[in-house]
Amino acid sequence: MFETIPLLPGVNLRCRRDTRFKHGCLSLHWVAAMHADTTAMNALIPSVLLRGTVPHPDLRAITARLDDLYGAAASPMSRRVGDYQASGLYLSFMDDRFALPGDRVLEGTVDFLAELLQSPLTEEAGFLPEYVQSEKKNLISTIQADRNDKRVYAMGRLLKILCREDSFGLPRLGEPEQVAAIAPDTLYRHFQQMLNAAPLEIFYVGSFESAAVADLLRGRLCLRGREAKLPPQTGFHGCPGEDVTETMEVTQGKLCMGFVTPITLKSELYPAMQVLNVLYGGGMTSKLFRNVREKLSLCYSVGSSYYSSKGILTVSAGIDFDKETPARREILGQLQLCREGAITQEELASAREALISSLRSVTDSAGSMESYGFIAALSGNTASPEEAIRAIRAVTLEQVVEAAKTVTLHSTYFLKGEPA
Amino acid sequence: MTETTYPQLDETVFRETLPCGLPLAVVPRQGFSKKLCYLAVDFGSVHRDFTLEGKSCHVPAGTAHYLEHKLFDMPDDRDVSAEFAALGANVNAFTSYDMTAYYFSCTENFSQCLRLLTEFVFTPWFTRESVEKERGIIDQEIGMNLDSPDSVIFDRLMESMFREHPIRIPILGTRESIREITPEVLETCHRAFYTPANCFLCVVGDVKPEEVVTEVRQVLGDAPRPLGRKHPLPEEEMTCPTARTHCAMDIAMPTFCLGFKCAPVGLGEAAIRQEMAADLAAEALFGESSELYLRLYQDGLIDSSFGGGYDCADGCAMLLCSGDSEDAPAIRQALLRQAQTLVEQGIPEDYFLRMKRSALGRRIKALDSFDSTCFRLCAYHFAKFDYFLFPAVYRDIRQEEVLDFLARTVTPERCALSVIEPISQDPPIENMEAAL
């Protein structure tokens, strides 16, 4: 779905021309293996870049520049795709056809991207200490804010327990202590290293021809080629399971259960596993929602997620503190039913349709196309949405049962209230 | 159907009001797979007093939301969600202070989904047993909100800002108030407000507008139905009963939400104009392009979590901002001072024009989102304004309107502050702050 244009060795531009949208997007990421030493730095750099450049030295000037570009938005990015961390900037901007005659929004946006990358404010071979300092504080707040959403917090705790030996256990934004320890000059050096030596992925979705976008980027981004190689993506690195219960001052308990399966996005049974995840715990028609919530009123929220790069399936439920045992039993019971083939044709059809429908919608927004293409490029699963739809359509009940049989409980995490 | 084109936005809208009274709009989006349909009801959590068939009614807090949950029940044990799922569609709903909306998105089987949506929203079916069972689920939902700092801080702010307006009670109601909700209460509200003339149907996607009319007409028939009459919402004085409220929760950083009470806006273009002027005022006062934002950010009083804008619901309006901060009262002071400075000194004309251009561009960008477009068309329909006329409104707004809004609104007596402090600071976090 994307046309790939190698701008330079190690620097790929991936374009999708589409004239249906009123806005376009442009992203640039450097990609590295997720590593405890660099996660926090990679997560911090984009925010520091957005604080100021030589021509636009503070937030107000940066915002004014974006306002001039008809309210374009620039966001700091730090994404996880399997074992990789991709960090950089994502810009979205109004399509040129709505601008006043003579105004060129895409061109201005590319200029601005180049400026952010190539003219950051520096002091003594480091980023401006003041900006690094306050963005460190921001990032730490963002990391700690997970605690405010107990569902996110509990799931983060589960993944840390489950993935003690896996890159998936490393928090996407780093640990607060790691952020706190970053110095402006180290950060700047790391940025230069990434910008000049790491593989770069540039994505564009919008109304321009790919050749025109490539020309714009070539003319404005001063980059060099690089001999960059990423280690191959790996499957789940196992460890012994654990059941952890913690207390916090909360009204509602959060039960998270982590399962593992050898099925990943590279497996033949991958489409069947996706179908299983949806019919088991994906949405309002899933077994978990209809039974654990609707029939038994054991919880308010319940759902499952499948992390396909690693073969991890998680279930998260918001429950009363005293409902842990029945909820756990019922969540496992519903999985057992899947293993035994107690799946109706309606459940199977609904799950397939839900997946197909969301795949069909991928091309309905610039952002979802960028995101789909990005994950495809980095995960190695390059199936187009159409190919993925065909694979989902071909999934049989037997394959779903076979997939369910590979799923085993690994670890659980329960967050409950303080004893009165 | 009437067809209106909006060349500035590259949009076309087909509109019709059915004989039963249901107004509808279709925004064709050729070449897109997704089709989104909202059926919105001009009824939300603040509409608790009304007259139906000559009788005055008062319903418990949380009724509109409870009704939204229970409307998914159908006779003969039909499972609406499963029927949508079988069609490859997603169905969901939400309740706000002044609107309830049911919506589905699909890529295929649009006509069947449309019929199903219309059918279930206009089919009340409340058994005592299922209404009883729902109480547990909604009780859990309330519990979840009580653990969510964002909900708690906002609900407490509303309680501080308003004396009588029902916005002071959460949309979900309270654990006590939902106990009073019975099948009869739900039936009464359904009869009063779920009449076609009180609803609005909006479709965005690659569909045939005539088909929408035909399908919905077949389900609803042509007979109009009686409509309940909402009682006027209490008129509030432009002061806040409580200037400050705070509590402690298990959170990482102290967080705040600050509100300035505004006069309610009414309906039509004047109302939208006030809203857009207020948005510009918010941007000039504390937006990312403002002088104050930069100062507060550089002083470490706010961080990237800071943001805000203008918000309104039936019978009330407010300017809000929120974020994490160690010193929310200082932010309040700074806002009051800065508003005064802006009013006295004015806004440089080039800055004002740039703000307008940015606001316009952001609204045009947002039209790519089916959800945002559908939602706005519904909300503005009930506000009696054609949303797609927004570019002209922006063009016309003058700086004086923006400054006038600031002068009236950003004053100490209109302000309330809601703060949540962390219960305890873990020692490692303190050490880390020291390391910074």
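In what follows, every heavy atom counts, from backbone to side chain, and hydrogens, waters and symmetry copies are set aside. Lettering of chains follows the sequences in order, A, B, ..., and the numbering in each one begins at 1.
- Between the side chain of B:D147 and the main chain of A:Q252, a donor-acceptor pair closer than 3.5 Å is present.
- The candidate with the highest count of non-hydrogen atom pairs below 4.5 Å against chain B, out of A:E294, A:E346, A:E347, is A:E294.
- Seen from the ring of A:F98, B:R357 does not count as a face-on cation partner, given the 6.0 Å and 45° thresholds.
- B:E11 is listed as a side-chain neighbour of A:K22, based on a closest heavy-atom distance under 4.5 Å.
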- Step by step, work out the salt bridge (charged side-chain N to carboxylate O under 4.0 Å, His left out) result for A:R360 and B:E108. CA-CA 10 Å; A:R360 271 205 203 101; B:E108 280 188 308; 2.9 Å; yes
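- In summary, A:R147 and B:D250 engage in a salt bridge, as defined by a charged side-chain N under 4.0 Å from a carboxylate O.
- The closest side-chain donor-acceptor pair between A:N138 and B:Y297 falls under 3.5 angstrom.
- Residues satisfying the side-chain contact (heavy atoms from CB on, under 4.5 Å) test with B:K35, not counting sequence neighbours, are B:C106, B:F110, B:V207.
- Side-chain polar atoms of B:K365 and A:S92 form a donor-acceptor pair below 3.5 angstrom.
- In this structure, the side chain of A:S357 engages the main chain of B:G88 through a donor-acceptor pair within 3.5 Å.
- A:S141 and B:D324 are not linked by any side-chain donor-acceptor pair at a separation below 3.5 angstrom, with hydrogens and angles left out of the test.
- Judged by distance alone, with hydrogens and angles left aside, the side-chain atoms of A:D364 form a donor-acceptor pair with the main-chain N or O of B:K34 at under 3.5 Å.
- With a 6.0 Å cutoff to the six-membered ring centre and a 45° limit on the axis angle, A:R20 counts as a cation-pi contact of B:F32.
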